[in-house]
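Lettering of chains follows the sequences in order, A, B, ..., and the numbering in each one begins at 1.
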Amino acid sequence: MDETELKRFFGRELLDWYRRGNRDLPWRRSRDPYYIWVSEIMLQQTRVETVIPYFNRFVERFPTVRALAEAPEEDVLKLWEGLGYYSRARNLQAAAREVAERYDGRVPNDVEAVRGLKGVGPYTAGAILSIAFGRPEPAVDGNVMRVLSRYFCLDEDIARPATRTGMEKLARELIPEGAAGDFNQALMELGALVCTPRSPHCLTCPVMAHCEGRIAGREEELPVKSKAKPPKPQHRLAVLAVRADGRVLVRRRPAQGLLARLWELPHVEAPSESVWDSPEAGPSWLAETLVLEEGVRVRPNRHLGDAEHVFTHLHWYVRVWGASGASLEAPAQRDLAAAGEAAAASASAEGQEAALPFAVREAAFPWGEAGEDNYRWIDRAEFEALAWPNVFRKILAAHFESS
DNA sequence: CAGACGTGGGG
DNA sequence: TCCCCAAGTCT
C-alpha cells in the first residue's frame, strides 16, 4: 500500500468508525456556529467531562452572540469560574462583540475572519470552520498530533510549535471529500477514547491494520514529547481580615495576567520560605507589604491554615493569617505599624463602613487606584456572587461555613 | 521560540 | 503520592 492509499484508507476507516457511533455531547446536538465556537474555546486544554456542565450553563445564560456581547463581564467570568484560563472568557466576549458589530451577530464563514477573532488560533479556527461550515480545514490539537505520530510513526517532538505546522499539512491531506467536520471530530474522538496517551487500545482501533507505529511496536513510546518545566514555587502570605459585622476584606485582581479580574484575599509574596514560615516575620512582612504597596492596613495575628495551589507554571504555598480590628496587637507587630495607628484604628472601628486607609497614595497600586472599588468588605451572599480562583474560593467557603 | 496562562482527573 | 496531561492561544 503506497502513501496515497494509506492516507485515503485512514480517512475512510476513521470516518466510518465515527459515524457508526460517537459520544452524545451537548454541542453536537446543534449546528449553531456560536455553540460550536463556545464549546471549542471551553475545550482548549480542558477535558470534555469538565466542559459539559459549564457549556450548558453558559449557552443557557448567553444563548446568542448578542446575548454574550451585551452581558456584563462579571457575569461571564462567574460562569467561567473554576474552568481556568480565564483570558479565554474575556477573549470570547471581546470576539462576540466584534462578531455582533462587524458580522451582524453571525459567526463569519470565512477562514481569515474566523482566524482573526480573539482567542481563536489555528486549532479552533479549523474546528469551527470544519464542524460548523463544512470547510476542509485541519483542526490539529494534542489528540490529533498523538494519533498522527503513531499512525505514521513520526518522531517529531509534539511540544515544539513547528511540529504542529507539519501536522496540519498532513491532516489537511487526510480529510475525506465533503466530510471535514466529522473527520476532524473522529480524529479527536479516536485520540480521546482509543488512541490514548498511555496504554492505547489498539485492539479495538479502527485503523490498527495499517498503523505504522503499532506495526513497529512503538505505540507506547510515541508521540515524542519533551517535558515541561516544573512549576516555580512561590510562598505567599494572605490575610483573612474580618470586620466586627462579619464582613471579610477582599480585592479584585488586575485586568491583565494571572487570574485577571477574579477576586481574592489580599496577599503578598514572601521574600523567602523562612520568612513565610516564621510566626513572627511572616505576619510582619504581610502587614508591612500590604501597607507599602497597597495602602491597606491590617494586623495579622492568627495562623488560620495553609493552602496549596498548582498552576502550570507556578506552585503557590499560601499561608492564611487571620486579622480583626479588635484584636490585640501582638509584640511582633509593634514595630511595623508605627506609621498608621490612627488609620488602622479608624478602619477597624466597630460596624463602621469600609473607609480603607489608603495611606500611600503616591505609590503604584498594582491592584488599581485607591477608590476604584477594587477592595470590598463582603458578606456570604456577595462571596457567592463574585468569581474566585479555586484556591481562594475554598478558603473563603471554609470561613463562611464555620462563621 | 519560550514562557505565561488553571484546574481536575487518571494511572 | 506524584506526575502527566486535556479539543491551545497570546506575547
query = Across the strands shown, which category fits A/Ala162 at heavy-atom distances under 4.0 angstrom: base, sugar-phosphate, nothing?
reply = sugar-phosphate
task = Looking at every strand, decide which applies to A/Leu262 at a 4.0 Å heavy-atom threshold: base, sugar-phosphate, or nothing.
result = nothing
query = OP1 or OP2 of B/dC5 less than 4.0 angstrom from a side-chain nitrogen or oxygen of A/His313, does that happen here?
reply = yes
request  = Return the value, rounded to whole Å, for the distance between atom CG of A/Leu117 and atom C1' of C/dT9.
outcome  = 13 Å
B/dT7 phosphate, OP1 or OP2, under 4.0 Å from A/Tyr86 side-chain N/O = yes
query = Which whole-number value in Å describes the distance from A/Trp388 CH2 to B/dG6 C1'?
reply = 17 Å
query = Over how many whole Å does the gap from A/Trp80 atom CH2 to B/dT7 atom P extend?
reply = 13 Å
query = Within this structure, what is the NZ-to-P distance between A/Lys225 and C/dC3, rounded to whole angstrom?
reply = 16 Å
request  = Answer whether the closest heavy-atom distance between the side chains of A/Glu269 and A/Trp276 falls below 4.5 Å.
outcome  = no
Output a table of nitrogen or oxygen pairs between the protein and nucleotides 9-11 of chain B separated by less than 3.5 Å.
none

ask   = Would you call A/Lys225 and A/Glu156 a salt bridge, using N to O less than 4.0 angstrom?
value = no
request  = Could you check how far CD of A/Gln234 sits from C1' of B/dG6, rounded to whole Å?
outcome  = 15 Å
inquiry  = Can you check the distance between B/dG6 and C/dC5, where both ends of the measurement are the C1' atom (answer in whole Å)?
reply    = 13 Å
query = Tell me, which of residues 31-46 of chain A have any heavy atom that sits under 4.0 Å from an atom in DNA chain C?
reply = A/Glu40, A/Leu43, A/Gln44, A/Gln45
message = Both A/Gly119 and A/Arg23 contact DNA chain C. Which one's nearest nucleotide lies toward the 5' end?
response = A/Arg23
request  = Starting from P on C/dA6, measure out to CZ on A/Phe311 and report it in whole angstrom.
outcome  = 21 Å
task = Determine the contact category for A/Val144: base if any of its heavy atoms lies under 4.0 Å from a base atom, sugar-phosphate if only primed atoms, P, OP1 or OP2 are that close, otherwise nothing.
result = nothing
query = Do the charged groups of A/Glu382 and A/Arg247 touch, with an N to O distance under 4.0 Å?
reply = yes
request  = Using the P atom on both, measure C/dT9 against B/dG8 and round to a whole Å.
outcome  = 22 Å
note = Minimal heavy-atom distance between A/Leu43 and A/Val51, with the atoms involved, is CD2-CG2, 3.8 Å
task = Please report, rounded to the nearest Å, how far the C1' atom of C/dA6 is from the CD atom of A/Glu189.
result = 14 Å
task = Answer yes or no: is there an ion pair linking A/Arg172 with A/Glu168, defined by an N-O contact shorter than 4.0 Å?
result = no
ask   = Is A/Glu5 paired with A/Arg8 through a side-chain N to carboxylate O contact shorter than 4.0 Å?
value = no
ask   = Would you call A/Lys118-A/Glu98 a salt bridge at under 4.0 Å N-O?
value = no
message = For C/dA6 and A/Arg146 - does any side-chain N or O of the residue sit under 4.0 Å from the phosphate oxygens OP1/OP2?
response = yes
message = Classify A/Gly191 by what it touches in the nucleic acid, base, sugar-phosphate, or nothing, heavy-atom distance under 4.0 Å.
response = nothing
task = Considering only NZ, NE, NH1 and NH2 on the basic side and carboxylate oxygens on the acidic side, decide whether A/Arg218 and A/Asp155 come within less than 4.0 Å.
result = yes
